[in-house]
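See structure below.
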2 protein chains.
Amino acid sequence: MRTIDLLKSKGVSPSQQRIQILEYLLKNKIHPSVDTIFQNLVNQIPTLSKTTVYNTLALLREKQLIQVIIDNNEIRYDADTEFHGHFKCLECGAIYDFPISEIKIDISSIENFQISEKHIYYTGICALCIKKKGDENGNKT
Amino acid sequence: MRTIDLLKSKGVSPSQQRIQILEYLLKNKIHPSVDTIFQNLVNQIPTLSKTTVYNTLALLREKQLIQVIIDNNEIRYDADTEFHGHFKCLECGAIYDFPISEIKIDISSIENFQISEKHIYYTGICALCIKKKGDENGNKT
DNA sequence: TCCTCATTTTGTAATCATTACAAATTTATA
DNA sequence: TATAAATTTGTAATGATTACAAAATGAGGA
Ligand SMILES: [Mn+2]
Ligand SMILES: [Mn+2]
Ligand SMILES: [Zn+2]
Ligand SMILES: [Zn+2]
């Protein structure tokens, strides 16, 4: 489905800014921050305002076209709304996806609760950064 | 174990501020924010500075005496460092615990990653707030 | 085509949690 | 007690997010 139709299907009128922001998220699965999105689109839309990025992301989230990743310092965004886990590398800042097939919880403590969002968020150091560190230590020239 | 000994066991010198902050977290399992902690302790320690609360919490976290709950607006703290899930009520702001016995993930995508923290964070509306809402609608006087 | 009104976008100022930092205080040690 | 190290404090700075009102856009009707 084209981005325009995706927006229309949720009753959102497809302005240039909205199309571009959603398209950026659909094409760049890097869980970008508001600032990353802004920096990458301001070339194509020179008049773009950061407020528009914030407003649009809030709207897209409301319409469940994107999800938000709770992060320590800044919020990051994801056009993949299927349930999956996220791993944030504390070294390079990258956020990786990982699939989750099942969670066993004793729901007795949150029985009758109405759940709207589920976040699985790991932190640590990614394989690339571990390797990089190893190389640095190995190369005692 | 007394709070003082708990601190000593991690090599942290037990100042009055540190004792009180950790003790507060141990006795009040409400996942308080920095501000809640500060407001509740400033009576006992009138000279207490919010910076000290921040510094102490960062130290206690480093020493793994407490864990941090990633939240949308503000960071919340938990002296229970055992792995468990958190549910935040979007209505009243309360954070509930729930036990997790097992998570099945396909680790192939994050193989060789070094994991340091695992967060399971749900949001929604708690049973109390659902009931409250129902009562309000039912009481059409 | 031009006008009008609703929607959307923009820019700036305000907010608010967190951090930086240097001075003041407390604590440990000799 | 004297001295140095560790800790705490208060204030200023930072930085992401939000509020808000003016400017731009765009669809529909005369
Ligand atoms: Mn993702
Ligand atoms: Mn907890
Ligand atoms: Zn990395
Ligand atoms: Zn509630």
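Chain letters run A, B, ... following the sequence lines, proteins first and then strands; every chain starts at 1.
- Within residues 24-40 of chain A, no residue approaches DNA chain C, by heavy-atom distance under 4.0 Å.
- A side chain to side chain donor-acceptor pair (under 3.5 Å) with B/H31 is found for exactly one of B/D78, B/T36, B/D71, namely B/D78.
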List the steps and the verdict of salt bridge (Lys or Arg N to Asp or Glu O under 4.0 Å) for A/R2 and A/D5. CA-CA 5 Å; A/R2 284 182 312 152; A/D5 299 319; 3.2 Å; yes
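- Counting heavy atoms from C-beta outward, A/I45 and A/T52 have side chains that stay 4.5 Å or more apart.
- At least one side-chain heavy atom of A/H119 sits under 4.5 Å from a side-chain heavy atom of A/E117.
- Atom-to-atom, CG of B/L60 to C1' of D/dT7 comes out at 14 Å; the value is rounded to the nearest Å.
- Nearest to the side-chain atoms of B/E74 among the listed nucleotides D/dT9, C/dT18, D/dT17 stands C/dT18.
- Taking the side chain of A/Y54 as heavy atoms from C-beta on, and the options C/dT10, D/dT9, D/dT17, the nearest nucleotide is D/dT17.
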Tabulated below should be each protein N or O lying under 3.5 Å from an N or O of nucleotides 11-14 of chain D; please produce it.
from	atom 1	to	atom 2	distance (Å)
D/dT11	O4	B/T51	OG1	3.3

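- Both B/I45 and B/N73 lie near DNA chain D, and the one whose nearest nucleotide falls closer to the 5' end is B/I45.
- Although no hydrogens or angles enter the test, the distance criterion places no donor-acceptor pair under 3.5 Å between the side chain of A/N28 and the main chain of A/I30.
- At a non-hydrogen distance threshold of 4.0 Å, A/S13, A/S15, A/Q17, A/R18 from residues 11-22 of chain A come into contact with DNA chain C.
- The main-chain N or O of A/L7 is never found under 3.5 Å from a side-chain atom of A/R18 such that the two would form a donor-acceptor pair.
- Rounded to a whole Å, the CG atom of B/L57 is 15 Å from the P atom of C/dA17.
- The separation between A/I75 atom CD1 and C/dT18 atom P is 13 Å, rounded to whole Å.
- Counting only heavy atoms from C-beta outward, the side chains of B/Q64 and B/T81 never approach each other to under 4.5 Å.
- The distance between atom CG of A/N72 and atom P of C/dA17, rounded to the nearest whole Å, is 16 Å.
- Taking the six-membered ring for Trp and the full ring otherwise, A/F98 and A/F87 have centroids separated by 6.0 Å or more.
- Connection of B/I75 to A/I69 is established within a shared hydrophobic cluster, with ILVMFWY side chains joined at heavy-atom distances below 4.5 Å, either directly or through further cluster members.
- Straight-line distance from the CG atom of A/N55 to the P atom of D/dT17: 13 Å, rounded to whole Å.
- As rounded to whole Å, 14 Å separates atom C1' of D/dT9 from atom NZ of B/K50.
- Heavy atoms of other residues, nucleotides or ligands lying less than 6.0 angstrom from CD of A/E82 number 12 at most.
- Taking the side chain as every heavy atom from C-beta outward, B/F83 and B/I103 approach each other to under 4.5 Å.
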